[in-house]
Amino acid sequence: MNQLEIRKLTMKFGGVTAIDGIDLSVAEGEIRGLIGPNGAGKTTLFNACSGRYPITSGEIIFGGERVHGLKPHEICRKGLVRTFQHVTLFKGFSVLKNVMVGNHLHANHSYWGSLLRTPRTRRSEAESARRAREILEFVGLGNILDREAAGLPHGHQKALGIAIALAAQPKLLLLDEPCAGMNNDESREMIDLVRRIRDTGITVMLIEHDMKVVMGLCDRITVLSFGTCIAEGTPAEVRENPEVREAYLGSQANVA
Ligand SMILES: Nc1ncnc2c1ncn2[C@@H]1O[C@H](COP(=O)(O)OP(=O)(O)OP(=O)(O)O)[C@@H](O)[C@H]1O
């Protein structure tokens, strides 16, 4: 079943058409890659799906429900959760606290409960800490719970960004360049993490410029160019597609 259906989506910024009538569907349980030369519209598509920017026209259907027009936190609560290319952490907080803040979205305590620290709130906070530990264990940061987020190496910051997103209990996770700026070892760990996330039943759509990562990790790939979808298929199909090769000619990226 398709979990995400984007129909005739158009996104305009003043005179610039960043997305021009795109149709795209993502099946439950797949890892989908979104690639394309600089300025193709990839980030704009993520921003549209997550409610960051209002859409100009078209529809975004998630789990059978229209989500365009909803606020970012409402979309997030429905299970469509994104990470950012540049990790946004609460720098002064510990690793654990960062994930607990992410958890808060689904926490089961009221404003007054938080203020008065009622027994129910304390139970709920303990549960939130337990879940945060579990998620951090899962992403490989279980041994640095008390470290301050600001001082973490790049690979760990990226993993923490994903842990925060996982705390929001996604059904579909949008990952913006998960391997950007990583060395080979960090990239390998990230690829393994994305696969394990999918194995827990979460669908993944990711933007990534590193073709080795995209081709090795994704079940299917959608290729954007100048705001339109020029190809979609398995990594092998996309690699052989002449239009895709043409779109990348002259750019630094190589559809290896
Ligand atoms: N907030 C905005 N205001 C004006 N123009 C924008 C805005 N966001 C994106 N654009 C324009 O929309 C087009 C698509 O940009 P977008 O960032 O989505 O591309 P991209 O495929 O993510 O590129 P990159 O790989 O370089 O990140 C570009 O021409 C960009 O300048």
Side-chain angles (χ1 to χ4, degrees), residues 4-26 31-60 62 67-73 75-76 80-88 154 157-158 161-162 165 172-182 187 190-191 194 204-218 220-233 235 238-239 241 243-256:
L4 179 70
E5 289 253 1
I6 294 172
R7 300 182 190 143
K8 305 262 168 296
L9 178 68
T10 294
M11 299 282 291
K12 292 187 181 177
F13 300 104
V16 177
T17 303
I19 302 270
D20 195 2
I22 282 182
D23 289 311
L24 193 163
S25 22
V26 179
I31 301 180
R32 172 67 61 94
L34 192 59
I35 66 169
N38 291 337
K42 306 177 294 293
T43 308
T44 304
L45 189 79
F46 269 24
N47 285 334
C49 289
S50 58
R52 190 160 188 220
Y53 292 144
I55 69 172
T56 307
S57 60
E59 287 185 301
I60 303 175
F62 176 64
V67 291
H68 56 273
L70 297 184
K71 299 201 165 57
H73 70 272
I75 294 176
C76 185
L80 207 176
V81 178
R82 75 167 290 182
T83 65
F84 291 88
Q85 184 183 350
H86 303 290
V87 191
T88 42
H154 181 68
Q157 292 212 7
K158 285 283 214 185
I162 291 182
L172 168 60
L173 186 59
L174 304 177
L175 298 176
D176 197 348
E177 298 206 39
C179 294
M182 288 192 169
S187 269
M190 181 56 74
I191 289 169
V194 173
V204 176
M205 176 148 76
L206 57 96
I207 297 174
E208 183 55 64
H209 282 286
D210 184 330
M211 286 301 149
K212 272 218 286 291
V213 171
V214 176
M215 295 290 167
L217 179 59
C218 300
R220 295 182 70 76
I221 297 171
T222 299
V223 190
L224 303 187
S225 179
F226 295 111
T228 63
C229 176
I230 59 164
E232 191 191 303
V238 161
R239 197 186 284 121
N241 186 307
E243 258 195 274
V244 176
R245 291 185 164 269
E246 178 72 27
Y248 274 94
L249 273 182
S251 80
Q252 285 187 327
N254 205 344
V255 199

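In each ligand, atom 1 is the first atom listed, and ligand 1 is the first ligand listed.
- Using a 4.0 Å cut-off between a side-chain N of Lys or Arg and a carboxylate O of Asp or Glu, E232 and R220 qualify as a salt bridge.
- In terms of N/O distances under 3.5 Å, ligand 1 is approached by T43.
- Less than 4.0 angstrom separates some heavy atom of A18 from each of these atoms of ligand 1: 12 (O), 13 (C), 14 (C).
- Classification of E243 and R245 as a salt-bridged pair fails, no side-chain N sitting under 4.0 Å from a carboxylate O.
- Looking only at side-chain heavy atoms (C-beta outward), F46 and I207 come within less than 4.5 Å of each other.
- In this structure the side chain of N241 never reaches within 4.5 angstrom of the side chain of V223, judged on heavy atoms.
- In this structure, M11 has no heavy atom closer than 4.0 Å to ligand 1.
- For the pair Y53 and ligand 1, a heavy-atom separation below 4.0 Å is found.
- A donor-acceptor pair under 3.5 Å links the side-chain atoms of H68 to the main chain of I60, judged by distance alone.
- By the 3.5 Å distance cut-off applied to N or O atoms, V16 is not counted among the residues near ligand 1.
- If you number the atoms of ligand 1 from 1 as listed, the ones under 4.0 Å from a heavy atom of H209 come out as 25 (O).
- Side-chain atoms of K8 do not come within 3.5 Å of backbone N or O of D20 as any donor-acceptor pair.
- Of the polar atoms of A40, at least one N or O is found under 3.5 Å from an N or O of ligand 1, judged by distance alone.
- Side chain of E5 to main chain of F62: no donor-acceptor pair is present (N/O by atom type, distance under 3.5 Å, no hydrogens or angles).
- G39 counts as a contact of ligand 1, since one of its heavy atoms falls under 4.0 Å from the ligand.
- Each of the following atoms of ligand 1 lies closer than 4.0 Å to a heavy atom of T44: 9 (C), 14 (C), 15 (O), 16 (P), 18 (O).
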